[in-house]
Each structure stands twice: as structure tokens, then as C-alpha cells.
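Written out below as C-alpha cells is the structure these notes cover.
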Amino acid sequence: MTTDASAKTKYTVWGNLHYVFNDVQSWEPKQFLFSGLQILGSAFVPYAEALIPSLVIGWIAGETDLGSFIRRIIWIFAGLALLRALNAYLSERNRSKAIDVRLRRPWAKLVHQQLTMDYEKIETAAMREKMESASHALGNNTLGYEGFLHHSVEFFSNVILLVLVSTIIGRISVWIILLLAGLSLINSLLYRRAYQFETAQFDEKGRIYSRQDYFSSQATQPAVGKDVRLYQLQDWLIGRYRALCAQLHRLNRQDIRNFEIADVIRILLEGSKDLIIYGYLIRLASAGMSVSRFVLYLSMVSTFAVYFAKAVDSWNDVLRDSGLIGVFRSYNEMPMQKRAYQPLTPADFEHVEIIADHVCFTYPGADRPVLQDLSFTLHAGEKLALVGVNGAGKTTIVKLLCGLYLPSSGTITYNGIPTGSIDPDLLSRIIAAVFQDSFVLSYEIWRNVTVQDKADSDLPKARQCLDMAGLKDKINALPEGMDTYLGKDISAGGIQLSGGERQKLLMARALYKGGSLMILDEPTAQLDAIAESQMYEHFQAVTAGKSAIYISHRLASTRFCDRILFLADGCIREQGSHEELMKQNGAYTHMFDVQSHYYNEEGDPACEAE
């Protein structure tokens, strides 16, 4: 898990206690009362139990009469029965509430942070490791956030019990209390050192957890299963996972070794403590102390020793949980980039003109730029194609146009306004995009198009968009039509779409959304030549009057565009209309000739006409 200096110093135990209980208070205002009752009940039960042996011995030794003994025993056992029943109820209730709060409060914050974080941050490996570490603080019933709730209750109940027991032990000697406390504090320091060593390895463990999650996800994805079997990757994947497990085992063994050393020293100290305490009580007994008093003090000393150790253990658990909460908070409270956005509305972008002016871009941590001195203009209503081989920087341009990244130098403006000055929410309303990586929800087909609840969706429009995207026959063939679920994550009756069908679905989504600017990033990569040509013809019709950018390494889209930019090595090498570029007989012409050879074999009349 990832920890940094700020997580270790900024977020103290008491600060985290305040933070967690504020969460609890906002979700369940009465929880303080129930937690307080559990603390008191958990403290008084062992205290009452420690009183019983001395009462029994006192009656046996004739120190109390039978009537008094019976009355005391009845009151104590009745009180114990009531407290145990109350504790059982409170423990179960508070455990359930802790789970509820953990899932509804911090998990919601974590998800919100991930979904709203600057896109340029979530693409970095370091941020993904921080995310993994933060989620580790919330993914367990006994550690981190929820463990903090349980262990803090245990700690405070142990402290109250120790105060009660100390009032009795203090009658014979304050030195016994100091001795017991001193030995227990030594134990605490030993275990704290072990916990600190464990915490210091959170960074390395976080990297291992992240890689383990990757291999686990690969093993469970049906789409990966075909390659795994055909290329016999089972042993390789298992080997990599086992290697990570071995690394984690070595780190855990170091942690366990430190705790084993602390356990051995603890046993030796407890043996010394027992020898001293028993010797002292025996000397008092030989000096005339009653048998019942001897048993009472012996019971209280034993209770103090046991529960002081438990208090130390629960405090160490609180420290460990607090460290995890600090990791979560350092991620969740990470400041987002603040920008001054201009007061704009969608009406300001009913028609858009985009100007890229000497744009350069280098990904964080990279040593060379992806885009170099890129300049072009997309006029309102114009169709522009960005083409080139893989790795030319086309997808990076999409990220910049969508405001997901800002240029390292130069500017991109919408109607003269830099993307950094436009609210991302507003920019997302302007743009309808289809990306290479398909994002399909495991819900109904219509919901994948509208991306809204039914009450807010225009279903006839959704159906029209599906038809325009080329899914009319597919939808008609389904018994439940647009109500059919995709995938089997939510519904066992869900279906799987082919790669081409998924892209058509994303096309329908973009058509439904509309917007002043359409961006299609490799939208037809999984379609055959005929379907690709039909798709572009549909888009040519529906984007009439709108600005549109087609990005592809396949050149079928270029014939529908007003201008073409041919990219290579992050630069614009050639630009012009299709006819103009063909006349130049340059790199664009060469790529088109190579591709048209294959299109001709599939019978593409448009290419034959060329």
C-alpha cells in the first residue's frame, strides 16, 4: 500500500478518530449513544466477573452469612445476564452499522474521487497504486476504517475497566499498578516498533497488490480466456502470480518475525510479573490478610494484567487502522487542480470553431513529446480527418480536444476560449465522442444508449439512433428488444455483442447525445469495409451543420471529410482535401493505395472509383 510523509504526519490518531466519528454521526446520529453503551457494558462485565470468586470464597470461609451471600450473588448474576444480553445486542448492531457506514460514506467518497479526479492523474501508475492502497483501507471488516471503529470501542472499554480495577488494587499498593503498567508499556513499545516496520512496507506491498489484481482480473475475463487457451498462457500467468505471492510472503515473513520477537519478550515479562505479584500477595496473606481479600486482589491483579495487555493490543490496532485511514484520506483529500473557468453556457458553443496553436504535449514522466508544434483549425460545421499510422499521436489529440489533458505548450481554443478556461462539465455537454476502448454497461440496450434512467430517456429517439447505427436487425431479432441486458453481470439472460456491434452501440450513444462537436476515435476499427462505409454515410447525414473530427489509421473516412491532416511522429506532415493529397503523391497517397488494394478485394466501389 502507498503511504507518504503527509499521510504519516498530517493525519493523527485523534484527528482520524474525529474524522471517522463525524462520518458516523452524519449517517447515524444515535451511534454515539450505542457505542458509549457498548463501551460501558464491555467494561463492567469483566469487572463483575472478577468480584465473584472472592464472594464465593468469603462465604465458604465463613466471612459472610448465607443470606448476604445469596443476595449479592443474585444481584451480580442478574446484572451480568442483563449486561451480556445488552452487549450481545449492541455488538451485533454496531457491527452492522459499521459495515453500513463504511460502504455508504468512505466508499462513496473513494468512488467519487476516482470518477472526478483529473484524468491526467488517473492514468499514472503512481496514482493507481495510491487508489489500491486507499481501497485497502476500506475493504476489510477488521482493518482500516471499520477496524478503527471496533478497536477504538475496545480500547476505551479496556481503559474504563482498568480505572475500575485500579481503585481496588490501589488499596494495597500503588506500586503494583505502576509495575503492571510499566511492563505493559514495554510490551506496547515492542509491538509498536513491529507495526511501524509493517507500515514502512506499505509502498512495496501496494505495488504487489496492484500487480496481483491485474493478473487476477486477466484470469477472470472471458475475453482474455480465448488467448490464454490458444497461446497456452496458463502456466505463465500462474507463474507470475505465484512470483508476486512469493514477494509478498517474504515481506510478510519479515513482519511476522518482528511480532514473534515481541511475543517472546512479552512472555518473559509476564512471567516476571506473575512471580513478583504472587510473591507480594502471598506475603500479605501470611501477615493476616483474609482469604477472600487475597482472592479479590489476586483476581483484580490478573484482570488488570490481562486487560492492560488488551488495551495495549487494541491501541496498537487503532494505530495500524489510523495509518490506513491516513493513506485513504491522503488520497481522498488530494487537492484537485483549481482553474478559473469563464462563465459560459452551451448556447456559447452552438457552433464551434477549434484552433490548435503550436501545441506540444509530453505525458507525465515521459522523456519525449508525443505531439510537436501542432497547429490546425476546425471551422464551424467542417468535417476534419486526422489520419496516420498507429502511434502518430491521434488519440492524444482526442484527449487534448476533450479537455482531459492540457497542452504542455501552445493552446487549444473553442470559439477563442482556451480549453483550460472552460468548465469540464460544460465541455462534456458540447462533445459527443466515440473512443477506441468501448465502455458498455451491463444493463439494458436502451440504457447504454441514453445513459440515463428511464424517466429521463427518450426511448423512441434511442431506437432511431440504434437503427441509424446499423443495429436495427439485431434489435428486431431479440425477444426483449431494447430491454435486453448486455453481459451476465446483472442479468443471467444478458447477451454478448460482437466487437463490431459494440462499436455500433457506441455510435448510437453518440448520436443520441448530439452535441456541437462529434469526435470519432477509430470508431470503425472492428467493422468490415461495407459496414464502415455505411456507418460513415450515416454520420455524414446526422452531423450535417456540425463540426466533426474523424480519427483513424484507416482512410475510408477521409472521403467524407472537408480536410485531412496526415500525422506522423506527432507532427502534421501533409494536409488538404482527399483529392489534393492524392495529387501530392506523398505519404497519404501511399497509405491510401496500400489500403485501397485490400478494400478493392472486398469489393468497395468507392475505392475502385479512385
Side-chain angles (χ1 to χ4, degrees), residues 119-120 122-123 352 354 356 359 361 363 370-371 374 376 378 382-407 412 414 419 424 427-440 448-449 451 465 468-470 497 499-528 531-540 542-543 546-572 575 588 591 595:
Y119 184 80
E120 60 191 68
I122 68 174
E123 280 202 321
V352 295
I354 300 175
V359 171
F361 182 77
Y363 281 101
V370 179
L371 301 176
L374 203 71
F376 65 88
L378 173 66
E382 187 180 21
K383 308 295 185 291
L384 181 68
L386 302 179
V387 300
V389 298
N390 289 333
K394 302 184 298 296
T395 296
T396 300
I397 294 176
V398 173
K399 295 176 181 177
L400 294 172
L401 291 173
C402 292
L404 300 175
Y405 282 90
L406 294 181
I412 295 178
Y414 280 65
T419 52
L427 202 57
S428 69
R429 295 169 64 183
I430 300 169
I431 301 170
V434 177
F435 298 107
Q436 293 184 51
D437 301 324
S438 56
F439 169 58
V440 176
N448 272 278
V449 176
V451 202
C465 292
M468 294 176 63
L497 297 179
E501 290 169 340
R502 288 167 69 93
Q503 286 200 299
K504 290 179 180 179
L505 180 67
L506 298 180
M507 292 282 196
R509 182 187 295 170
L511 289 173
Y512 182 90
K513 180 182 180 182
S516 304
L517 173 66
M518 303 288 285
I519 298 179
L520 307 181
D521 182 14
E522 304 282 7
T524 59
Q526 299 186 54
L527 300 180
D528 59 56
E532 180 181 36
S533 179
Q534 293 173 344
M535 182 68 67
Y536 282 126
E537 288 175 358
H538 284 313
F539 261 79
Q540 183 72 0
V542 300
T543 59
K546 295 184 178 181
S547 303
I549 297 177
Y550 298 85
I551 299 175
S552 180
H553 64 280
R554 294 164 62 173
L555 305 185
S557 63
T558 60
R559 290 171 288 116
F560 301 101
C561 295
D562 301 309
R563 277 190 307 125
I564 302 163
L565 304 183
F566 185 87
L567 282 79
D569 300 322
C571 301
I572 299 175
Q575 60 178 308
Y588 175 85
M591 178 178 282
Q595 292 188 14

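As the structure is a computational prediction, the values presented were derived from the model and not from experiment.
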Could you walk me through whether Val398 and Cys402 pass the side chain to side chain contact (heavy atoms under 4.5 Å, CB included) test, one step at a time? CA-CA 6 Å; Val398 173; Cys402 292; 4.1 Å; yes
Could you go through Gln575 and Phe566, starting from their C-alpha distance and side-chain angles, then the distance that decides it, and tell me whether this counts as side chain to side chain contact (heavy atoms under 4.5 Å, CB included)? CA-CA 6 Å; Gln575 60 178 308; Phe566 185 87; over 6 Å; no
Check against side chain to side chain contact (heavy atoms under 4.5 Å, CB included), Tyr363 and Val370: CA-CA 7 Å; Tyr363 281 101; Val370 179; 3.3 Å; yes
Take Ile397 and Leu371 through the test side chain to side chain contact (heavy atoms under 4.5 Å, CB included) and record every step on the way to the result. CA-CA 8 Å; Ile397 294 176; Leu371 301 176; 3.7 Å; yes
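If you run side chain to side chain contact (heavy atoms under 4.5 Å, CB included) between Leu378 and each of Asp562, Ile354, Val352, only Ile354 comes through.
Judged by distance alone, the side chain of Lys546 and the main-chain N or O of Gly515 form a donor-acceptor pair under 3.5 Å. A donor-acceptor pair under 3.5 Å is absent between the side-chain atoms of Ser516 and the main chain of Ile430, judged by distance alone. A donor-acceptor pair under 3.5 Å is formed between the side chain of Tyr414 and the backbone N or O of Leu401.
Between Met468 and Leu511, the closest heavy-atom pair is CB-CD1, 4.0 Å. For the residue pair Leu505 and Val440, the shortest heavy atom distance occurs at CD2-CG1, 4.1 Å. Taking each heavy atom of Thr419 and Leu400 in turn, the nearest pair found is CG2-O, 4.3 Å. Of all the heavy atoms in Ala510 and Ala433, the pair that sits closest is CB-O, 4.3 Å. Taking each heavy atom of Cys561 and Leu384 in turn, the nearest pair found is SG-C, 4.1 Å. Smallest separation of non-hydrogen atoms from Met591 and Gly388: CE-C, 4.1 Å.
Counting heavy atoms from C-beta outward, Ile431 and Ile519 have side chains that approach closer than 4.5 Å. The shortest side-chain heavy-atom distance between Ile412 and Pro407 falls under the 4.5 Å cut-off. Contact check for Val451 versus Arg509: side-chain heavy atoms found under the 4.5 Å cut-off.
Rounding to the nearest 0.5 Å gives a distance of 11.0 Å between NZ of Lys383 and CD1 of Ile549. Atom-to-atom distance recorded for Leu374:CG and Ile572:CD1 is 4.0 Å, nearest 0.5 angstrom. The CD1 atom of Ile551 lies 5.0 Å from the CG atom of Asp521; values are rounded to the nearest 0.5 Å. The distance from the CG atom of Leu497 to the NZ atom of Lys504 is 10.5 Å, given to the nearest 0.5 Å.
The salt bridge (Lys or Arg N to Asp or Glu O under 4.0 Å) contacts involving residues 386-401 comprise Glu123-Lys399, where partners must be two or more places apart or lie in separate chains.
Take Pro424 and apply the side-chain contact (heavy atoms from CB on, under 4.5 Å) test, not counting sequence neighbours, and it matches Tyr341. Contacts of Tyr512 classified as ring-ring contact (aromatic ring centres under 6.0 Å, His included), with partners at least two apart in sequence or in another chain: none.
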